[in-house]
Peer 1: 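My structure is below; once you've seen it, I'll send some questions.
Remember, it's 1-based here, ligands and their atoms both numbered in the order they're listed.
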Amino acid sequence: MTQVLYHYNGKIIYERETQLKRRDDMFCYQCQETAKGTGCTVKGVCGKEAVVAESQDALIYVLKGIAVLSEKVKEKGDVDKKYTDYIKKALFATITNANFDNEKIKEYIAEGIALRKELQAVLGNNAVKGLHAAASWNYTSEVDLANKAKSVGVLSTGNEDIRSLRELLIYGLKGIAAYSEHASVLGYDKTDIDDFLIEALASTTKDLTVDEMVALVLKAGGTSVTTMALLDEANTTKYGNPEITKVNIGVRSNPGILISGHDLKDMEELLKQTKGTGVDVYTHSEMLPANYYPAFKKYDNFVGNYGNSWWKQKEEFESFNGPILMTTNCITPVQDSYKNRMFTTGVAGYPGLKHIPERAKGKEKDFSEIIKLAKKCPAPKEIETGEIVGGFAHAQVLALADKVVDAVKSGAIKRFVVMAGCDGRHKTRDYFTQVAEALPKDSVILTAGCAKYRYNKLKLGDIGGIPRVLDAGQCNDSYSLAVIALKLKEVFGLDDINKLPISFDIAWYEQKAVAVLLALLYLGVKGIRLGPTLPAFLSPNVVKVLVDNFNIKLINNVQEDVPLIMEGK
Ligand code: FSO
Ligand code: SF4
């Protein structure tokens, strides 16, 4: 059994198994729940089958090939946007809990190889001469595909530190790709983001120095900020600025549809199509923040939020009784009790589930099958009643800025604690609930992402009318928290974000959280506590770089952490 030990009081001790072995089956260590804290080698803890993990390895290889060719094409002129559009979708499909459907991953591979051929044609004769093999690899049989996947996966990079930096970059890219895809669906794109996807993916095929690789990781942080800002612009322009909202967590007696994931355009179209049908709509997990947007409030069949974060879906999807639409991750292994009423769309996929296809040009997605099914289902079973409050994205908090600043000046608010990120299954995540409970009453928790479900239903009170838990929205709305921090820095006339009374106690699970973390580092945030464990893909030397430059810490225990958090240590 591998141990990960890490103490930060003056000394770093970081021990873990370094001899990672690729078994015949698979190797994946991209998320926080990876087996034994080192890597899934037989089947994913998430439920991902080895064959899917292998196809995903081959897909990433194809994406690297497209990037290598795109770089060459760029030497002559522009690269058509369709290549980066494809890269975004394909990267997104490999994020933890997004797509478990091997056939779909193989379709992405086939599409990628076809696109690669087009790029080769643009480059002309001898296009791939001297280029990395990823630019030209092809396969003729399933065995071929499996063999290739075995030789190009994570562990094909022998040096542990190089592997660590490459994978850190790729996981950051996956998060960037996901957020950028959401912005793109709403018509918002940025060349800088697309260019970086190409540069970064291609870089992983090159022998770069450690300094060059570290620089790319930091650039990923900058691109992550750009991407989250773009998505924020897209969401708020389309749907208005999130505003303080009391969200109903009970149920009504009509049949309902439960929508989860992060895609607000799917949300919009589902609400439009269910309007006046007698079918209610509820959000689950990361779709909860849809309740905060003015554009969605006008629908009287939009009831509120049902249940908790993603990993509770087994019980909650069962008791919901009606159809469930997964617009993105996180999907957990689908149970027989609801498999016939669960649908995927976008990059989400699961074998055996019905998939709602992409929009035809100028048209909406067609959710009629889901609505028809909902009408035949019983109403959701009530699992709780009451309300939760959210909607504290940057515009709303800045509208309250005077009140917030006064509370800080008078000492009524001593500290803000950013507890954004992800939730997960592990018992150790109780830490975040206990921290929320143990923090003194003159502290305010700023949250975003599904991490919030560890404390958003606690009765933590308010400070002069300011709730002690301010939920900005989805994980990408961590950007809002950064905007708020930067505004406070300006108001208080500080030259460094770290001089603010703000501490960071972040929970991570999958690769979007990696993008968010890199964004915070890029913005100069130091002293972030991270948990419940450090990423398995960080080698001890890379951890050392993060500690030396950013004073990153692993969460310890509630009794010791809370006083340190309050002291800004
Ligand atoms: Fe959570 Fe899942 Fe939003 Fe993630 S539902 S874990 S970081 O996909 O994206 O916060
Ligand atoms: Fe394991 Fe996480 Fe990879 Fe799933 S995504 S196979 S749980 S490391």
Peer 1: Just need the protein heavy atom nearest to atom 7 (S) of ligand 1, so name the residue and atom and give the distance.
Peer 2: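 Answer, as residue, atom name and distance: C422 SG, 3.1 Å.
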
Peer 1: What's the shortest distance from atom 3 (Fe) of ligand 2 to any protein heavy atom, and which residue and atom give it?
Peer 2: C28 SG, 2.3 Å

Peer 1: Check each heavy atom of Q30 against ligand 2 and say whether those closer than 4.0 Å belong to the side chain, the backbone, both or neither.
Peer 2: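 Both backbone and side chain.
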
Peer 1: Just by distance, do the side chain of S539 and the backbone of V542 share a donor-acceptor pair under 3.5 Å?
Peer 2: yes

Peer 1: For the residue pair Y239 / E268, report whether a side-chain donor-acceptor contact shorter than 3.5 Å exists.
Peer 2: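 Present: a donor and an acceptor within the cut-off.
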
Peer 1: Need the ligand 1 atom indices (1-based, order shown) with element for anything under 4.0 Å from a heavy-atom of W310.
Peer 2: 5 (S)

Peer 1: Less than 4.5 Å apart, side chain to side chain, heavy atoms only: is that true for I95 and K512?
Peer 2: yes

Peer 1: Of T34, V45, T96, N329, which has the heavy atom at the shortest distance from atom 8 (S) of ligand 2?
Peer 2: T34

Peer 1: Hydrogens and angles aside, do N329 and W310 bring a side-chain donor and acceptor to less than 3.5 Å of each other?
Peer 2: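 N329 vs W310: no donor-acceptor pair found between side chains.
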
Peer 1: Could you tell me whether the side chains of K150 and S156 share a donor-acceptor contact shorter than 3.5 Å?
Peer 2: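 No, no side-chain donor-acceptor contact under 3.5 Å.
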
Peer 1: M26 near ligand 2, heavy-atom distance under 4.0 Å?
Peer 2: yes

Peer 1: Please could you name the atoms of ligand 1 that N329 approaches to less than 4.0 Å, counting only its heavy atoms?
Peer 2: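 Near N329, meaning under 4.0 Å from one of its heavy atoms, ligand 1 has 8 (O).
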
Peer 1: Which ligand 2 atoms does C40 reach within 4.0 Å, using its non-hydrogen atoms?
Peer 2: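 Per the distance check, 1 (Fe), 6 (S), 7 (S), 8 (S).
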
Peer 1: Give the single entry among E510, K512, Q32 that approaches atom 4 (Fe) of ligand 1 most closely by any heavy atom.
Peer 2: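 Going through E510, K512, Q32 one by one, E510 has the nearest heavy atom to atom 4 (Fe) of ligand 1.
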
Peer 1: With distance as the sole criterion, is a donor-acceptor pair present between the side chains of Y292 and N241 under 3.5 Å?
Peer 2: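 No, because no side-chain N or O of Y292 sits under 3.5 Å from a partner of the opposite role on N241.
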
Peer 1: Considering non-hydrogen atoms of the protein only, which is the closest contact for atom 2 (Fe) of ligand 2, and what is the distance?
Peer 2: C31 SG, 2.3 Å

Peer 1: What part of H262, side chain from CB on, backbone N/CA/C/O, both or neither, has a heavy atom under 4.0 Å from ligand 1?
Peer 2: side chain

Peer 1: Do any N/O/S atoms of C330 come under 2.8 Å of atom 2 (Fe) of ligand 1?
Peer 2: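 Checking C330: at least one N, O or S atom is under 2.8 Å.
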
Peer 1: Is there a polar contact, in the sense of an N or O pair closer than 3.5 Å, between E286 and ligand 1?
Peer 2: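 So ligand 1 has an N or O lying under 3.5 Å from an N or O of E286.
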
Peer 1: Going by atom types only, do T204 and R166 share a side-chain donor-acceptor pair under 3.5 Å?
Peer 2: no

Peer 1: Among all the protein's non-hydrogen atoms, which is closest to atom 1 (Fe) of ligand 1, and how far away is it?
Peer 2: C450 SG, 2.4 Å

Peer 1: I need the nearest protein heavy-atom contact for atom 6 (S) of ligand 2: residue, atom name and distance, please.
Peer 2: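 Here the closest protein heavy atom is G44 CA, 3.4 Å.
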
Peer 1: Check whether any side-chain heavy atom of V514 sits under 4.5 Å from a side-chain heavy atom of F537, and report yes or no.
Peer 2: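 The answer is yes, as the side chains (C-beta and beyond) meet within the 4.5 Å cut-off.
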
Peer 1: Between D189 and K88, is the closest basic N to carboxylate O distance under 4.0 Å?
Peer 2: yes

Peer 1: Under 4.0 Å from a heavy atom of C46: give me the atoms of ligand 2 that qualify, with their elements.
Peer 2: 4 (Fe), 5 (S), 6 (S), 7 (S)

Peer 1: Does the pair D423/K312 count as a salt bridge with the N-to-O cut at 4.0 Å?
Peer 2: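 Looking at K312 together with D423, the answer is no, because their closest N to O distance does not fall below 4.0 Å.
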
Peer 1: Considering the options N476, T328, T327, which one meets the side-chain hydrogen bond (donor to acceptor under 3.5 Å, both in side chains) requirement together with H262?
Peer 2: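 Single pass found, and it is T328.
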
Peer 1: With a cut-off of 4.0 Å, which atoms of ligand 2 are near a heavy atom of Y29?
Peer 2: 8 (S)

